[in-house]
Chemist: 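Provided herewith is a single structure, encoded as structure tokens, for subsequent inquiry.
For ligands, and for the atoms within them, numbers begin at 1 and follow the listed sequence.
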Amino acid sequence: MRFISSRASDPGRTVSFREAVFAGLAPDGGLYVPVEQPDLRAVFGRLSPETPFAELARAVSAALFAGELDGAAVDRIVERAFAFSPRLHPLEEGLHLLELYHGPTCAFKDFGASFLAAVMEEYLQEESRRALILVATSGDTGSAVARAFFRRKNLDVVILYPSGRVSPLQEQQLTTLGENVTALEVLGSFDDCQRLAKQAFLDRELQGLLRLTSANSINLGRLIPQSFYYIYGVVRAGQDADTPVYYCVPSGNFGNLTAGVYAWAWGLPVRGFVAATNRNDVVPEYLRTGDFRPRPSVQTLSNAMDVGNPSNFERLLHAFHRRREDMKSLIRGVPISDADTRQAMRRVYDERGVLLDPHTAVGVLASRRFLRELSGKARLITLATAHPGKFTEIVRETTGVEPDLPESLRAALALPKQAFPLEPSLEALKSFLRGRYA
Ligand SMILES: *Cc1c(COP(=O)(O)O)cnc(C)c1O
């Protein structure tokens, strides 16, 4: 595969996967997107419902990166990246959950972060050089990245997170690793964090001093492997020619949904997608009205989806050649309020005995609404993006039930927080980075 900036004028300069992974953002400020989508139907045809996830990831990676990574490199990367797997779980008639929270930080971002860390380690080892990862997070990206890169050779990580806008558990996960992982507590919003990261990547002076690279959902090395579990879910659910499959994706920055659209473009038999959002609904609004109006994010229960200006929207536009009608024919936007999110959490627990985190609850409710609209003539796979134990307080106060905290998370709670406060200005960030790494 070759990649090009989403803002490149035709024909534009193309780059390899390696170059895109280390650049993060394209030099013109655009996001890297595939020049052409490969046809992987032959690869999909060789998979069966019994194919283990790691084997699937290996087969798909080998096809995507043929000519760029040899078989041995692909094996090493997949083995290092995926010691965990998604699980498909039937919830009710026509509706499955694809649980993506069995990785080290119990959220779907483990898949992308783990693969990216493994890929970077592989490339850096070949070139014997160092890199500095700069990540803006609204909570879950940062902890997944911190864990994925912790103690990786030739890699340092700096995490920007919005003060007071992440859960106490998320903050513990971000701030307690130490060693090659540094947390910056930004006195501002997630949008400020994201803006700072973008500005830093475009700053000539910093680029001259440090090998800066990104690991949030703008990085292709995180985005591409997220398509693997869409393939896994469909293969695992099995064939049923009469009932089309749709994915429902709880969305914030729209990286996850973009990965699903890529899998579809590679030939995965998916009829469409439901983009489930909270009140931060600029994309559903765009699909409805044709106006894209980015705005400051508002705080909700599903805080990892509190994004007012989703970066990956640019990739989505590119994937559909900027034609809203084409995007609309594949993607349905469904915004869900906090009150309805809580009600969905209660109802799913009462009816099915299943605890949902608020993000997954947004997805389940959007799926139910969509299924009703189609009079049940569809199979929905809702991505369960986080373990309910990551959102103990919300789950407890909503359902009256205390969710289990996975062991990997419990350990982080006991450790002391180490974070540096930061004013939300590029100058403040630059002076910190210069002092610590240059
Ligand atoms: C990040 C995140 C989302 C949103 O994913 P995007 O790729 O940003 O759209 C949803 N749920 C959880 C739990 C997350 O951490």
Chemist: When rounded to the nearest 0.5 angstrom, what is the spacing between CG in L317 and CZ in R322?
Modeler: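 The CZ atom of R322 is 5.0 Å from CG of L317, to the nearest 0.5 Å.
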
Chemist: Could you list, one pair per line, each nitrogen or oxygen of ligand 1 together with any protein nitrogen or oxygen closer than 3.5 Å, giving atom names and the distance rounded to 0.1 Å?
Modeler:
unit_1: ligand 1; atom_1: 7 (O); unit_2: G255; atom_2: N; d: 3.2
unit_1: ligand 1; atom_1: 7 (O); unit_2: N256; atom_2: N; d: 2.9
unit_1: ligand 1; atom_1: 8 (O); unit_2: N253; atom_2: N; d: 2.8
unit_1: ligand 1; atom_1: 9 (O); unit_2: G252; atom_2: N; d: 2.8
unit_1: ligand 1; atom_1: 9 (O); unit_2: N253; atom_2: N; d: 3.2
unit_1: ligand 1; atom_1: 9 (O); unit_2: F254; atom_2: N; d: 2.8
unit_1: ligand 1; atom_1: 11 (N); unit_2: T385; atom_2: OG1; d: 2.9
unit_1: ligand 1; atom_1: 15 (O); unit_2: K109; atom_2: NZ; d: 2.5
unit_1: ligand 1; atom_1: 15 (O); unit_2: D140; atom_2: OD2; d: 2.8

Chemist: Can you name the residues that form a ring-ring contact (aromatic ring centres under 6.0 Å, His included) with F313, not counting sequence neighbours?
Modeler: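 If we apply the ring-ring contact (aromatic ring centres under 6.0 Å, His included) test to F313, skipping adjacent residues, the hits are Y286, F292.
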
Chemist: Under 4.5 Å between any side-chain heavy atoms of F84 and F53, yes or no?
Modeler: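 F84 does not reach F53 side chain to side chain.
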
Chemist: Any side-chain donor-acceptor pair under 3.5 Å between N278 and D306?
Modeler: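 N278 vs D306: donor-acceptor pair found between side chains.
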
Chemist: For E93, I'd like to know if atom CD has over 12 heavy atoms of other residues, nucleotides or ligands within 6.0 Å.
Modeler: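 Open: at most 12 neighbouring heavy atoms sit under 6.0 Å from CD of E93.
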
Chemist: Considering residues, nucleotides and ligands other than R347, do more than 12 of their heavy atoms fall under 6.0 Å from its CZ?
Modeler: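 No - once you tally the heavy atoms of other residues, nucleotides and ligands closer than 6.0 Å, there are 12 at most.
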
